[in-house]
Amino acid sequence: MAIESEKNEGERFTYLDNNATTPMLEQARIALAERLLDGNASSMYALGRKSKAFVEDARKGFAELLGCVPDDVIFTSGATESNDTVLNIAKRLIREKGGRILSSAIEHPSIIETLKRFEADDGVEYSLCPVDGGGRIIVSELEKELVKGDVVLTSIMAANNETGVIQPISQACDLAHRHGSLFHTDATQILGKGDFDFNAGGYDYASCSAHKFYGPKGVGALVVRSGRPYYPLLTGGHQEGGRRSGTYNSTCAYAAGIAARAAKADIRSEAGRLAALRDRLREGLLERVPDISFNGNPDYLVPNTLNVSFRNVEGESILLMLDFEGICVSTGSACATGSLEPSYVLLASGTPIEDAHSSIRFSLGRENTGEDIDYVLEKLPPIIERLRQISTRGRK
Amino acid sequence: MIDLNEWTYSKIVMEHFRNPHNILSENEKFIPDGEGNVGSLACGDQMYVALQISDGKVKDIRWLTYGCASAIASTSIMSDMVKGMSLEQAYEITPEQIVSALDGLPEHKFHCSVLGDKALRAAIDDYLKKNNLPNPYKAKSVKIICECKNITDQRIDELVASQEVRTFAELQEKTGLGTVCGKCKAKAQDLFAELRHIHGFV
């Protein structure tokens with residue numbers, strides 16, 4: 001209902017941008033509202049102790065979802081902070097003993113842009129593993145870098161936000177360990193959608209954001225296996241055992257813990273339901289709209305994501321036309337990035353540049369129904385037809 | 001109030017985007033006297049302009065655009081503005097005039113999406129060339145970019161269009177632009193990127 005409130009009376013509102021953020025779960029919203037008057041969880045008196053208890057309850061909820069022990073969960077403001085913290089650890093290790101960071105060409109900007117900044121500011125060296133035409137990292141290329149023996153940290157996302165392609169992180173982690181590298185995964189886009197188990201995978205670090213699994217914005221976690229190198233990014237307080245300073249966000253953490261438990265409990269049924277809806281959308285588009293192509297290897301997709309290119313139509317135009325119909329999606333076109341280049345993820349994944357400009361990402365979620373898919377299949381084909389009528393269609 | 005400006009288009013932009021004027025329809029027999037085409041699908045923006053010209057004036061115009069909302073809206077409003085104009089007036093339409101008629105555009109949209117005036121000038125150039133007429137407008141609109149080496153925007157345009165230069169470094173090597181006092185370099189780099197975009201190179 002948080003997102004539904006955008007809707008005017010009598011108008012349909014169809015939210016298909018759940019990889020950007022998800023509408024908070026009702027139980028999480030209620031819990032959050034109840035905790036608005038929390039005390040400071042570091043205070044000794046009863047009010048503070050009670051708030052601390054809610055934080056610790058949430059820590060257990062996160063541990064259940066991530067498959068780790070509660071003590072390994074450090075609450076942060078979200079995956080960007082978690083990613084930055086891990087890269088900062090690697091930077092410190094490199095300063096002490098040399099080496100470099102290995103990541104991939106399709107990581108979130110909070111990894112890639114931070115690596116660029118580290119290189120510019122501190123001369124930190126890094127390499128980005130390429131991906132194949134289906135948007136999956138090429139493991140043999142990763143290995144080529146790892147065998148050089150100087151990689152301190154390998155960071156590979158669990159699933160990509162734009163294409164929805166699940167990455168071979170378990171395999172990447174084993175290779176990294178075999179060659180003496182620590183392994184971090186940005187698990188933001190997999191939680192609640194696909195299998196993830198921190199302990200079974202043997203990862204050293206993992207990042208996540210609660211608002212991607214129906215929790216509140218501004219809270220997330222960094223999981224750090226006990227005994228792995230650690231340096232805090234934020235200092236000056238004793239919170240999180242000195243691992244992350246700043247007053248406990250007990251209000252949001254508690255609500256996030258509830259969302260984490262729900263994501264864990266519903267993963268099997270939701271994944272099946274979303275995959276069926278997504279396939280219905282895919283089949284319906286293929287039937288109704290000519291000249292389309294799908295981005296990302298369909299054998300490795302998270303169940304909620306469909307990335308489509310509509311030849312000869314620019315993505316932002318489609319996005320805005322859908323917005324007029326109350327349908328929310330995102331695009332990889334340059335217009336959306338505010339630059340001349342379209343999505344670096346799609347380009348790295350071998351999508352032709354024309355198709356990257358023409359791409360639309362549908363990402364389904366808990367609140368979507370078959371009716372939503374039917375509504376999109378009713379509204380979208382005439383929009384594409386109309387925009388193609390006014391398009392140059394690449395004439396010379 | 002919350003600042004929504006970054007992604008907010010004016011009412012006029014939205015009207016033209018939803019109901020663009022003077023589109024070339026597939027069934028229409030519009031025989032053009034001059035045609036212009038700028039950009040490419042790879043660039044994310046492409047505009048085609050077709051003109052009917054009589055008595056030195058733009059009698060009618062049709063266009064097609066591959067691009068975002070502001071690209072569509074800016075070509076649409078330009079097509080309204082230009083009808084009845086003399087070729088000289090039409091040639092002098094600037095992106096600033098188009099943006100002002102649209103009641104503004106978000107800043108990051110300004111350069112990439114307002115290509116309508118360029119497609120219009122290309123169509124006028126095409127008309128004059130086809131009819132073996134002199135083109136006084138092109139010479140008049142020329143701007144010197146590098147004063148030290150006397151390099152004009154049109155010279156850079158020719159070099160980009162013919163792909164004689166593909167990078168800014170090649171442009172500098174070829175012309176010496178920006179190698180003396182260096183004052184023009186930033187502006188020239190922007191122009192170079194824009195011209196690559198207009199000519200359909202990414």
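Just so you know, these numbers come straight off a predicted model, no measurement behind them. Proteins come first, then strands; the chains are lettered A, B, ... in the order of their sequence lines, and each starts at number 1.
Counting heavy atoms of neighbouring residues, nucleotides and ligands inside a 6.0 Å radius, atom NZ of B:Lys129 does not exceed 12 of them. Other residues, nucleotides and ligands contribute over 12 non-hydrogen atoms within 6.0 Å of the CD atom of B:Glu28. Counting non-hydrogen atoms of other residues, nucleotides and ligands closer than 6.0 Å to NZ of B:Lys149 gives a total of 12 or fewer. The environment of CD in A:Glu385 is sparse: at most 12 heavy-atom neighbours from other residues, nucleotides or ligands sit within 6.0 Å. In this structure, B:Lys59 places its NZ atom where only 12 or fewer heavy-atom neighbours from other residues, nucleotides or ligands lie under 6.0 Å away. Enclosure of atom CD in A:Gln389 by more than 12 non-hydrogen atoms of other residues, nucleotides or ligands within 6.0 angstrom is indicated. For B:Glu147, the CD atom counts as loosely surrounded, since its 6.0 Å shell holds 12 or fewer non-hydrogen atoms of other residues, nucleotides or ligands.
In plain terms, the two heavy atoms of A:Ser317 and B:Ala69 that are nearest each other are OG-N, 3.8 Å. Across A:Thr392 and B:Leu64, no two heavy atoms sit closer than the pair CG2-O, 3.4 Å. Summarising the geometry of A:His357 relative to B:Ala42, their closest heavy-atom pair is NE2-O, 2.8 Å, with the distance given to 0.1 Å.
You'll find the side chain of B:Met14 reaches within 4.5 Å of the side chain of A:Leu320, heavy atoms only. The shortest distance between side-chain heavy atoms of A:Ile390 and B:Thr65 does not fall below 4.5 Å.
Taking chain B as the reference chain and counting heavy-atom pairs below 4.5 Å, the highest number among A:Arg386, A:Met321, A:Arg388 is found for A:Met321.
Side chains of A:Ser358 and B:Tyr66: a donor-acceptor N/O pair is present below 3.5 angstrom, by distance only.
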Exercise for the section: Carefully, step by step, assess A:Ile353 and B:Leu41 under the rule side chain to side chain contact (heavy atoms under 4.5 Å, CB included). Expected result: CA-CA 8 Å; A:Ile353 189 163; B:Leu41 295 192; over 6 Å; no

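Atoms CD and CD, on A:Glu354 and B:Gln46 in that order, are 10.0 Å from each other to the nearest 0.5 Å.
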